[in-house]
Amino acid sequence: MVLKKGIIKEIFAYEILDSRGFPTIACKITSKEGYSAIAMVPSGASTGEREALELRDGDTKRFNGKGVLKAVANVNKIIAPKLIKAKFSVLEQTKIDNFMIELDNTPSKSKLGANAILSVSIAIMKVAAMVKKIPLYAYIKKYFSKDDSSKYILPVPMLNVINGGAHADNTIDFQEFMIIPYGAKSFRNACRISSECFHSLAKLLKKNGYNTSKGDEGGFAPLLKDAEQALSFMVDAVKNAGYIPGLKNDIGFSLDTACSELYNNETKQYTFEKALNAGIKTKEQATISSDEMISYLEKLSNEFPILSIEDGLSENDREGWKKWTSHDGKKIQIVGDDLYCTNPKIINEGILKQWSNSVLIKLNQIGTVTETIQAILSAKKAGWTSIVSHRSGETEDTFIADFVVGMGTGQIKTGSMSRSERIAKYNRIMQIEDELQNKSIYPGINTFSFKKNNKIKK
C-alpha cells in the first residue's frame, strides 16, 4: 500500500492586519510530514459588484465593524474539521477548492466568506510545493499552467506612481497612473528603472510645490487638476531620470480609471466628482456620456504613451465596453477588472461578446486558486492578456509573485516603489529571477497583444 503524501494534519486561521490597518484573515496549514505555510488574504477598497463576498463581522465595537472573526471561525470550526476528516492531501488542490465551494453552496461564497475559503486555498498550494520539494512558482507552472516549455515568463510590472480615486484623499478622479518599464532587459533592471523614475517624480512634484504624500498603494497623491497634468508630470519625470517614454523606447504608461466609481446607473453618465467638488470642473464639464468617456480615453492615449487602460468604463456599461474595444482594441490593451471580478463564467461571456482584450486577475475577487487559474486559462485561450494584481489593502504575503511567474501571464500590478507590502512582491520576483538565471524571459513589449505607434505630446 502506497501512503498518500501531503495529508493535512492541521488548519488554523487567525485575524491579522492589512496595510491599511484593517483586519484580514491568515491561515496556517501543516501536513503530516511537518511542512507548513501561512497564507494572508488581501482586501480591496474599490470593489466590483460581482466580487465574491469578503465576510466581515459587522460588530461596530471591534474595528468599526471590519473584524473577520466570523471568517476565522468558519475556517477553524467548519472547513478545517471536514478537510482533515476527509484525509485530503494538499496535492489535491482542485478537489479541495471544489469541496469548499460546495460546502459554502452560495453564488458569492457568502456563507463561509471568500476570504475564509481563499486563506485555505492559498495555504494548501504553498504546502503542496513543499511536499513536492520544488519552488512554489515551479509547482504552479508544472501542474497548473498548461505550459510545458522550459522557460519561465517573468512579469512586466505596471508600477503605480500617482494615486487618485478611492485610493487617495486628493482631487484626481482616476484611480491609478502607472509606468511600464517594458524596455528593460530584465525584471531586476525594470525595478531599477522604476525606482529611478519614481524618485525623479518626487523631486519634480516638490519642485513645483506639490506634496508627495502617498496613497494606499504607495504612489504619490498630489492635488492635481486632471489626468493630463498627472501624465505630463510622468513624462517629464521619466525624461529627467534619463529614459524615453513611448513605444520602441523605454517606458509606457497605464491607467486604472476605476470608472465604475464615476458611473450613475440611472442616468448612464459619468461624473468627475472630485474635480467637481474641488471647483476644478463645472457641473456641465464634470458629467459626460459613455461615448464622451471613450473619446476622452482615446484622446489621452493619443497624446501620451498609454499602452493599457483598466476599467475605462463602468462594469454596468457593457455596450460601451464593446464599442470601445471594437474601436481601440487593436491600439491599446483594454482591461476589465470590475467588469469580470476574476469570474471564469463572466470572462467567458466577455470573450464571446468582445467586451475587452484583457482581464485583471485578483484572487480574492473569486475566492479560490482553482477558479483564478481557470480565469487565466480562459483568457489565454481567447488570445487575451492577463494581469495578476494586488489589492489596496495588502499584506506581506508574496504569493502573487510566485503565482504570476508560475502562470506566465507576463504582467503584474503590485503597487509603487514604496510601502514594504508592495516592495516585498518585487523583491520576491527578483529572487526568482536570480534562481532561474537563463531559464527566465523578460518579455517586454511582447507581453502585449497589440502594436501601437505611441507619440509623446510635444
Side-chain angles (χ1 to χ4, degrees), residues 6 8-20 22-31 35-44 47 51-57 63 66-84 86 88-90 92-104 106 108-130 136 139-140 341-342 361-373 388-403 421 424-425:
I8 300 169
K9 179 183 178 182
E10 183 179 15
I11 300 175
F12 177 68
Y14 52 101
E15 192 177 61
I16 61 170
L17 298 178
D18 69 16
S19 59
R20 293 186 305 228
F22 293 133
T24 189
I25 185 171
C27 180
K28 181 179 180 181
I29 291 181
T30 305
S31 73
Y35 296 111
S36 67
I38 295 171
M40 303 176 185
V41 177
S43 174
T47 57
E51 286 195 26
L53 180 75
E54 178 185 69
L55 187 62
R56 298 280 182 177
D57 297 340
F63 292 110
K66 292 183 178 291
V68 293
L69 294 182
K70 288 180 181 178
V72 167
N74 286 343
V75 172
N76 293 335
K77 296 180 180 181
I78 300 175
I79 296 173
K82 291 185 180 295
L83 291 183
I84 293 169
F88 273 113
S89 164
V90 293
E92 299 175 296
Q93 183 78 44
T94 303
K95 285 185 179 180
I96 291 171
D97 286 347
N98 287 336
F99 181 87
M100 291 190 290
I101 291 169
E102 291 172 10
L103 188 62
D104 176 271
T106 67
S108 62
K109 300 180 177 67
S110 57
K111 180 181 176 182
L112 299 176
N115 46 347
I117 294 170
L118 184 62
S119 71
V120 176
S121 184
I122 292 176
I124 288 287
M125 183 166 272
K126 288 185 175 185
V127 178
M130 295 176 181
L136 179 55
Y139 176 73
I140 295 168
C341 292
T342 316
I361 300 294
K362 295 173 177 173
L363 286 119
N364 78 320
Q365 282 184 327
I366 190 65
T368 67
V369 176
T370 295
E371 290 166 292
T372 306
I373 290 169
V388 173
S389 177
H390 63 161
R391 299 307 300 257
S392 55
E394 260 299 333
T395 74
E396 59 270 32
D397 193 318
T398 61
F399 178 78
I400 63 168
D402 282 76
F403 187 68
E421 75 280 356
K425 280 72 163 174

Could you walk me through whether I124 and F88 satisfy the side-chain contact (heavy atoms from CB on, under 4.5 Å) test, starting with their C-alpha distance in whole Å, then the side-chain angles of each, then the deciding distance to 0.1 Å, before giving a yes or no? CA-CA 10 Å; I124 288 287; F88 273 113; over 6 Å; no
Test: side chain to side chain donor-acceptor pair (under 3.5 Å). Region: residues 114-128. Which pairs qualify, not counting sequence neighbours? Q93-S121, D97-S121, K126-D397
Does the side chain of [X] reach to within under 4.5 Å of the side chain of [Y], using non-hydrogen atoms?
X    : Y    : result
M125 : I373 : yes
F63  : D57  : no
K425 : E394 : yes
V369 : I122 : yes
K109 : L53  : no

Please check if any side-chain donor atom of E92 sits under 3.5 Å from a side-chain acceptor atom of S89, or the reverse. no
Under 3.5 Å, is there a donor-acceptor pair linking the side chains of S43 and R56? yes
Show your working on side-chain contact (heavy atoms from CB on, under 4.5 Å) between I8 and V90 and close with a plain yes or no. CA-CA 6 Å; I8 300 169; V90 293; 3.8 Å; yes
Nearest 0.5 Å please: distance from the [atom1] atom of [X] over to the [atom2] atom of [Y].
X    : Y    : atom1 : atom2 : value
T368 : L118 : OG1   : CG    : 7.5 Å
E371 : T94  : CD    : OG1   : 10.5 Å
I84  : I79  : CD1   : CD1   : 11.5 Å
N74  : I117 : CG    : CD1   : 8.5 Å

Sequence-distant partners of [X], side chain to side chain donor-acceptor pair (under 3.5 Å), two or more places apart:
X    : value
T372 : none
S110 : T106
S31  : E33

Starting from the C-alpha separation in whole Å, work towards a yes-or-no answer on side-chain contact (heavy atoms from CB on, under 4.5 Å) for L112 and M100. CA-CA 9 Å; L112 299 176; M100 291 190 290; 5.6 Å; no
Minimal non-hydrogen separation, [X] against [Y], with atom names:
X    : Y    : answer
I29  : V127 : O-CG2, 3.4 Å
A424 : T398 : O-CG2, 3.6 Å
V75  : C27  : CG1-SG, 4.3 Å
N364 : P42  : ND2-O, 3.3 Å
A80  : I11  : CB-CB, 3.7 Å
G67  : P23  : CA-CG, 3.9 Å

State whether R391 and E54 are salt-bridged, where the test is any N-O pair (Lys NZ or Arg NE/NH1/NH2 against Asp/Glu carboxylate O) under 4.0 Å. no
Using modelled atom types and a 3.5 Å cut-off, is there a donor and acceptor pairing between side-chain atoms of T342 and backbone atoms of K362? yes
Quick one: ring pair (Phe, Tyr, Trp, His ring centres under 6.0 Å) partners of F12, sequence neighbours excluded? Y14
Can you list every salt bridge (charged side-chain N to carboxylate O under 4.0 Å, His left out) pair that touches residues 66-80, not counting sequence neighbours? none
CA sep, side-chain torsions, deciding dist, call: E421, T395, side-chain contact (heavy atoms from CB on, under 4.5 Å): CA-CA 6 Å; E421 75 280 356; T395 74; 6.0 Å; no
